[in-house]
Amino acid sequence: MALTDVVRARGLVKKYNGFTAVKGIDFAVHPGECFGFLGPNGAGKTTTIKMIHCFTPVTAGSLEVLGYDVRRQPREIKARLGVVPQEDNLDPELTVQENLLLYAGYFDIPRGEARQRVQELLAFAGLEEKAGVEVEHLSGGMKRRLAIARALVNKPQLLILDEPTTGLDPEARHLVWEKLRQLKVAGVTLILTTHYLEEAAQLCDRLVIMDRGIILEEGSPGELVERHVGREVLELAPVDGEARAILSLVAGSILAHLTIGQTLYLYTNNGREIWRQVQGLNSYFSHMMLRPATLEDVFLKLTGRGLD
Amino acid sequence: MDISYRAWKVFWRNFVVFRKTWLTNIMFNFLEPLLYLAAMGYGMGHYIPAIQGMSYLQFLAPGLIASSAMWATASECTYDSFVRMKFQKTYHAIVATPVSLDEVVVGEMLFGTFKSVLYGTVILLVILFLGLVRSPAALLVPLVLVLCGFVFAELGMIWTGLVPKIDTFSYFFTLIITPMFLFAGVFFPLDALPLVVQRLAWLIPLYHVVELVRPLVLGQLSPVLLVHAAWLVVFIAIFFYPPLYLLRRRLAG
């Protein structure tokens, strides 16, 4: 293993009672990057990160985190990690400040140092004015920022976030993204799972697309889009099912195509040209739109189905 | 097993939360034994002849120390632990730190034990105030409550590791805790029951707790007390591992 890798997985497998959630995957996370696991529910992304933070035992394969083996050295790993779970697990009866101080105690951080650290984290999370408020009275966005602050109490080298913005309104989501970018600038390695493609595109330097326990693709968001679907997508819904005629017409100018329900997706680097060709057909379309390609298109193409 | 001093951090977490809510918490657990003492000790006791040479109230009072301790721990390590595990995801939060899942379970059991000691001692003080404590040997009661607490914490956590939903705990209380409450010698001596039942009582943890607490409160010291204490230690040893195993299986998969 290259010492510089923060996480290194080889042939990683997880089985639960006969069901194989993760089917032998390989990946590496480099220092200082934001690495994403993208995929629909049940893809195996949460199971994978649970193995990384030593919650779920590995069934087979090897997994090293920060140079330690997850099977033999979970305490060493967990002392250097931060984990932000999908479901809030703050202590609801305690105040914001008490939550942070108590959590610092689990890491054996001395009291005085913990108090200072808590002040810094309250400022980072924008929760200074809420320090004395009990968690059950916070908004969803504030709870999530507190969960992130709590995960940073031990100054982790690696921060793991499971669906960090699921259930948040758009403003709260952007605020969380801003905090995560600040952490990246500060040199913290981030691993996140998400089924929001925009989130992956906004934050991740590199990502893997997972489906049904395997990794389908790996790369930067831009690379993946370019490699699989080109720059643009033309969405067409032909009323009388003329898909075949359209396909033979544009065959020379598309990279790939996909049909989902009544809608035909044409992936291309030359959207205007196809647009003109299709208009020349003189057919009627209930839906016709040319737009830039996104990760969602990559996902659709790779899995033949959408997220959710 | 992966257990260190860190189990106390889990105890401390529960204690910090308890400090915030103790007033409402302690009232309910505290009121019920007093109702029994009033209704059965004073009320019904008036019509009952002396038992083993003492008034029914005097007989019943020490037994209620044992039963309140049992109830306090049994509900802490079932309903309260289950809420922390399943709804608040407290265990998940803690095991993301250097604390292990085994330490979480042991910490929960330590806190359950604390509940026995606390509630049992409160009842002891009430009984003292009522003039029903006959011997300074009663100072040893809190030690007995530690043993009592640990046994019931283990039994409670076993169920917490097993039950599919929170309602399923009613089986534990109806089939295990309530029968112990009624047939372990809290309300009447077991001498009158068939010999088989008396022998079976030795398998009931609460029986040994009652057989320790009552003589200590009454000052009837004898070597047999050590035998009862030894039985409790054996129960603790037997039931220590199953909760760890069941919760590992339940949470970590």
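The chains referred to below are lettered A, B, ... by the order of the sequence lines, with proteins before strands, and numbering in each begins at 1. As the structure is a computational prediction, the values presented were derived from the model and not from experiment.
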Applying a strict 4.5 Å limit to non-hydrogen atoms, the region of Glu87(A) in contact with chain B is side chain

Whatever's closer than 4.5 Å to a heavy atom in chain B on Thr47(A) counts as neither

Check your understanding: Cation over ring, Lys14(A) on Tyr16(A), under 6.0 Å and within 45°?
Key -> yes

Looking only at Glu98(A), His53(A), Lys50(A), most heavy-atom pairs under 4.5 Å shared with chain B are made by Glu98(A)

- Glu93(A)/Lys20(B) ion pair, N-O < 4.0 Å: no

When the 4.5 angstrom heavy-atom criterion is applied to Pro85(A) and chain B, the contacting part is neither

Cation over ring face, Arg75(A) and Tyr68(A), 6.0 Å, 45°:
no

Max heavy-atom pairs within cutoff under 4.5 Å with chain B, candidates Ile77(A), Val153(A), Ile160(A), Asp108(A), goes to Asp108(A)

Scored by heavy-atom pairs under 4.5 Å with chain A, the best of Asp2(B), Thr21(B), Val16(B) is Asp2(B)

If one checks every heavy atom of Gln73(A) against chain B at 4.5 Å, the contacting part turns out to be neither

The interface call for Tyr5(B) against chain A, heavy-atom contacts under 4.5 Å, is side chain

Next item on the list: Hey, can you tell me if Phe173(B) and Tyr79(B) have their rings parallel, tilted or perpendicular (30° and 60° cut-offs)?
Entry: parallel

### Ring geometry between Phe235(B) and His208(B) (parallel below 30°, tilted from 30 to 60°, perpendicular above 60°)
tilted

Item to complete: Output yes when Glu64(A) and Arg10(A) qualify as a salt bridge under the 4.0 Å nitrogen-oxygen rule, no when they do not.
Response: no

Under 4.5 Å to a heavy atom of chain B? For Arg150(A) that would be side chain

Donor + acceptor pair across side chains of Glu199(A), Thr165(A) (<3.5 Å): yes

Under 4.5 Å to a heavy atom of chain A? For Arg6(B) that would be side chain

Cut-off 4.5 Å, heavy atoms of chain A, and the answer for Leu101(B) is neither

Does the ring centre of Phe239(B) sit less than 6.0 Å away from the ring centre of Tyr241(B)? no

